[in-house]
Amino acid sequence: MKTAILVFPGTNRERDAADAIESVSGIKPVIVWHQETEIPDVDLIILPGGFSFGDYLRVGAIAARSPIIDALHRKADTGVTVLGICNGFQILTETGLLPGSLIRNRDLDFICRDINLRVVNNSTRFSQSYALDQIIRFPVAHHDGNYFADAETLRMVEDNDQVVFRYCDPAGEINATGNPNGSVNNIAGMTNKAGNVMGLMPHPENLIDQLLGGIDGRALFESLLGRAA
Amino acid sequence: MKARVLITLKTGVLDPQGKAVQKALGTLGFDGVDNVRQGKVIEIDLTETDETAAYAKVSNMCDKLLANTVIENYQIELLPDGT
Amino acid sequence: MNAHDTRNNPEPLVDADLAADHGLSPDEYQKVLDLIGRTPSFTELGIFSAMWNEHCSYKSSKKWLKTLPTTGKRVVLGPGENAGVVDIDDGQVVVFKMESHNHPSFIEPYQGAATGIGGILRDVFTMGARPIAAMNALRFGAVDHPKTRHLVAGVVAGIGGYGNSFGVPNVGGEVNFHKRYNGNILVNAFAAGLADADKIFLSKPTGVGLPVVYLGAKTGRDGIHGATMASAEFDDSIEEKRPTVQVGDPFTEKCLLEACMELMASGAVIAIQDMGAAGLTCSAVEMGAKGNLGIRLDLDNVPCREDAMTAYEMMLSESQERMLMVLDPTLENQARAIFEKWDLDFAIVGETTDDLRFRVFRDGVEVADLPIKDLGDEAPEYDRPWTMPVPRPALEHNDFADTDIAASLLTLIGSPDLASRRWVWEQYDHLIQGNTIVRPGSDAAIVRIAGHEKKALAFSSDVTPRYCDADPFEGGKQAVAECWRNLTASGATPLAITDNLNFGNPEKPEIMGTFVRAIQGIGEACKILDFPVVSGNVSLYNETNNEAILPTPTIAGVGLISDLRKIVPSGFTNISDIVLLVGAPDTWGTHLGQSLYLREIHSREDGPPPPVDLEQEKQAGDLVRSLIADGLVNAVHDCSDGGLGVTLAEMAIQSGIGAAITPPQTLSPVAAFFGEDQGRYVMTARLEDRAELWDRCEKAGVAIEEIGSTIAGELKLGNADAIFVKELQERHEAWFPQFMNM
């Protein structure tokens with residue numbers, strides 16, 4: 001699986017993503033600097049976590065106006081797989097590749113801990129290695145992960161089955177207790193309408209090794225590998 | 001001239017920071033506070049001297065970068081130099 | 001207009017009064033006059049005040065710091081550089097330091113703490129090491145003091161805001177509350193980085209006529225006289241000091257890190273120094289003096305973000321995220337391109353010279369011309385008078401009424417100093433970089449070395465200020481011993497420490513006495529435990545309205561784990577394991593003086609602290625480490641605050657598994673469960689390994705006692721009512737969020 005990782009000033013989880021990709025696929029990803037205007041021919045483009053441009057103005061806003069973003073649009077339009085994790089998800093909403101927006105967490109604090117997710121759609125290229133309704137554990141590490149979309153947009157997202165992961169409690173119930181940041185409909189991860197672009201607030205790349213406390217994140221990358229193979 | 005852009009969250013968008021301020025005001029004993037919405041102000045010094053042109057320019061800035069029109073509204077105020 | 005604001009004004013006249021305003025005593029000012037043979041210019045006075053204040057010159061502490069052991073077979077570089085450097089095999093080194101940002105954090109908690117993190121991270125990456133872990137030791141005032149909650153919220157948000165954005169995992173630390181910190185909180189920030197042993201960068205340049213380059217963010221008026229502020233006592237005029245607080249920009253710092261890593265790889269760096277306290281002054285003078293060179297600075301080339309800055313302001317600004325470098329001139333273009341890529345300033349602001357002078361120019365006028373080595377070498381050094389601390393009388397036998405063990409344990413486990421710090425560390429990104437093996441909340445945090453499957457580093461930060469207050473010598477020993485013990489319990493071989501010594505006004509003989517005795521205690525423990533000091537920081541004058549903080553020599557230690565697969569958790573792992581108490585000289589606990597039990601249950605802070613037997617400590621620790629390595633134990637936790645009862649409760653809370661414990665009939669249950677005797681570990685093991693464990697302990701001369709076994713769901717201490725582990729967990733977790741949301 002050939003992978004490109006887009007890096008902006010302030011991106012800080014690019015190594016985590018690269019390590020996860022290399023661990024699952026055996027191939028080192030290429031790093032693409034935000035001032036480039038072309039993305040090489042790859043199977044997967046990752047926008048990793050971090051605080052691009054300090055997240056000043058709005059999270060992801062300035063990164064979404066970088067030179068590389070035109071190339072990202074072109075790739076996404078031709079169906080290349082795009083995965084935005086955390087800050088990457090925020091950037092994707094700012095580019096318009098994903099609907100809605102990510103705003104300050106409900107309780108205003110930065111949150112770093114493991115949370116539970118329920119796989120509500122396993123027919124996407126990002127989730128095919130999970131079972132439907134599987135309860136998994138990923139860490140989150142964000143200050144602005146509170147997904148918001150207006151009622152109209154939300155209805156379209158739900159009607160098109162674009163939601164892939166929802167926050168849930170340890171028993172798998174999708175409720176307020178299991179929702180760490182106030183996201184509408186407990187949305188943690190979603191795709192675009194075409195299904196090739198995904199945004200995800202939690203960090204699968206930080207839970208791919210039993211030594212680090214779990215491997216629930218691995219199947220996401222294996223899903224993508226399965227598609228690329 | 002100077003442009004002052006006022007960016008506010010659209011009605012219906014949850015504003016956790018505004019809620020926190022409202023709660024804090026209540027704790028401090030300010031009653032009768034129905035609602036608080038937090039926004040931001042951006043001040044821009046422009047070389048443009050024509051108001052219409054300046055307004056158009058700043059609107060464009062807002063649409064392209066300063067505001068996220070998915071969740072935010074903006075208002076532009078133009079201030080002649082020397083204010 | 002105040003005296004420091006010289007915009008569009010002639011410089012103020014320099015005299016003894018102005019020198020006093022700059023924190024120079026009459027004797028010190030006379031020394032300046034003698035040294036240069038004339039009245040200094042205003043800028044020169046500023047330079048002297050920056051170089052000769054306590055923070056930069058260590059004038060009260062130097063004599064005693066020299067007594068600490070700083071060498072060892074793994075020590076590559078001890079104190080004197082930006083951070084200490086220690087060998088961790090395979091051609092790799094760990095670079096680490098702890099530094100205080102106490103005064104700024106009290107004045108503006110968010111920015112004070114944030115810039116503290118920024119400063120310590122720069123200390124580490126200036127040396128060529130990429131930061132891989134951070135910790136913070138925080139001390140706040142009493143929980144019922146009106147400022148405490150605001151300060152906790154601000155400091156924690158500031159640490160998170162900076163560290164999370166920069167991208168370093170914040171893996172551990174300490175949070176304590178005590179009324180003696182009401183007017184002076186402590187924010188001690190630790191950072192560790194990883195580098196190849198042959199790619200360490202130093203601040204000592206060689207070569208004359210080489211360009212001196214300014215890197216990073218622009219200079220503003222922020223923080224002017226921050227270092228002087230850090231060396232003064234507080235009084236009620238504190239609010240007026242607010243403008244000297246610097247503002248941190250973690251985004252710029254992250255860019256500076258990446259740019260420096262690229263720059264160092266390019267070969268362009270001859271020497272590099274972080275601009276920390278007293279910014280341009282300290283960094284330029286230190287580089288020149290170390291390299292036996294003069295430095296000439298042309299301030300007209302310094303990138304500024306404010307208009308009309310004077311030489312005085314530029315020399316004393318503490319704007320953050322800046323560095324000074326001596327450049328290989330043949331690589332200037334490559335170096336400049338790297339900084340342009342990261343959108344950071346790169347400006348040649350001077351050159352090295354052979355005249356050993358520190359000459360500074362502004363608008364073509366020479367505003368300073370000083371002997372560069374004398375600025376550091378001739379800084380005042382004091383042998384401050386000190387008095388021997390008075391020992392606390394021992395507790396009388398039956399001095400207080402016994403209380404119910406179960407009820408006392410529930411109170412203790414939910415008390416401010418023992419309750420879970422989850423509220424704090426969940427606001428810190430402790431997982432970034434993908435190597436955090438043991439997360440916060442255990443004995444020591446463990447971070448894997450990227451690229452190694454089995455190798456890892458363990459980190460722990462420790463001190464028990466109430467012990468130090470009661471007996472600074474034993475308290476100093478205990479801080480080092482506890483850090484060493486925490487690393488040991490995590491399965492690591494302790495390597496070295498950094499010390500962050502926080503005390504009151506050293507001009508008071510009784511305060512100086514606590515400082516001297518604590519250092520002597522630290523030194524003795526470091527020697528016997530083979531745990532040298534490789535870096536550190538001293539913060540004095542932590543007093544408000546004449547009341548000093550508790551003496552707080554924070555010790556942050558680093559340990560090496562050669563095989564991660566062998567480490568064991570600090571929580572119980574199986575039901576029906578035997579529970580063992582190892583290392584206790586008196587077998588069970590006896591020492592209740594200065595215990596948390598006495599303080600939390602009986603509201604008393606009396607008695608001497610528990611003594612530390614360092615020889616016994618070493619024997620027990622070395623044995624425990626070998627038992628872990630040989631797979632003979634499956635959980636290890638050291639006994640510290642709160643004694644055996646709290647240790648067992650923490651092991652239960654971590655795992656959800658309980659234990660049934662039977663103390664000897666002859667012993668008072670309160671002393672057995674809440675005595676804070678040192679040098680002890682609680683471990684669990686399989687029943688079938690019992691004989692071998694006894695054999696090993698006997699051979700090592702270390703006491704071992706079987707005290708019970710693990711059971712499902714509840715903790716039963718002697719004859720006390722059993723407590724559900726779930727209830728312990730709830731009590732443990734409840735306090736912090738409740739306190740912060742009050």
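Numbers restart at 1 for each chain; the letters A, B, ... are given by sequence-line order, proteins then strands.
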key: Residue pairs involving residues 164-189 of chain A (criterion salt bridge (Lys or Arg N to Asp or Glu O under 4.0 Å); sequence neighbours excluded)   = A/E158-A/R166
request  = Determine the minimum heavy-atom distance between A/D16 and C/L431, stating which atoms define it.
outcome  =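 Taking A/D16 first and C/L431 second, the nearest heavy atoms are OD2-O, 4.3 Å.
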Heavy-atom closest pair, residues C/W342 and A/P9 = CZ3-CA, 4.1 Å
When rounded to the nearest 0.5 angstrom, what is the spacing between [atom1] in [X] and [atom2] in [Y]?
X: C/L564; Y: A/L212; atom1: CG; atom2: CG; value: 9.0 Å
X: C/L257; Y: A/N12; atom1: CG; atom2: CG; value: 10.5 Å
X: A/I111; Y: C/E426; atom1: CD1; atom2: CD; value: 8.0 Å

Close contacts, residues 162-173 of chain C versus chain A, judged by heavy atoms under 4.5 Å =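 Checking residues 162-173 of chain C against chain A gives C/N164, C/S165, C/F166, C/G167.
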key: Proximity of residues 438-448 of chain C to chain A, residues having a non-hydrogen atom under 4.5 angstrom   =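 Residues C/R439, C/R448 are the ones that qualify, each having a heavy atom under 4.5 Å from chain A.
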request  = Check the pair C/D429, A/R13 against salt bridge (charged side-chain N to carboxylate O under 4.0 Å, His left out), reporting the backbone distance first and the verdict last.
outcome  = CA-CA 11 Å; C/D429 192 337; A/R13 261 187 168 83; 2.6 Å; yes
task = Check step by step if side-chain contact (heavy atoms from CB on, under 4.5 Å) holds for A/F110 and C/V156.
result = CA-CA 10 Å; A/F110 186 95; C/V156 170; over 6 Å; no
message = Under a 4.5 Å cutoff for heavy-atom pairs, which residue among A/V140, A/N206, A/N87 has the most contacts with chain C?
response = A/N206
ask   = Relative to chain C, which of A/D209, A/I208, A/L207, A/D114 shows the most heavy atom pairs under 4.5 Å?
value = A/D114
key: Parallel, tilted or perpendicular: rings of C/F251 and A/F53 (30°, 60°)   =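 If you compare the ring of A/F53 with that of C/F251, the planes turn out tilted.
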request  = Mind checking salt bridge (charged side-chain N to carboxylate O under 4.0 Å, His left out) for C/E453 and listing every partner two or more places apart, or none if nothing turns up?
outcome  =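 Here no residue qualifies.
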key: Contacting moiety of C/D343, where chain A heavy atoms sit under 4.5 Å   =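 Interface part for C/D343: neither.
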inquiry  = If you count heavy-atom pairs within less than 4.5 Å of chain A, which of C/R130, C/E253, C/E258, C/R565 leads?
reply    =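 Top option by heavy-atom pairs under 4.5 Å: C/R130.
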query = Taking everything shown except A/I215 itself, do over 12 heavy atoms lie less than 6.0 Å from its CD1?
reply = no
key: Steps toward side-chain contact (heavy atoms from CB on, under 4.5 Å) verdict (A/W33, C/K341)   = CA-CA 10 Å; A/W33 184 236; C/K341 170 187 165 188; 3.8 Å; yes
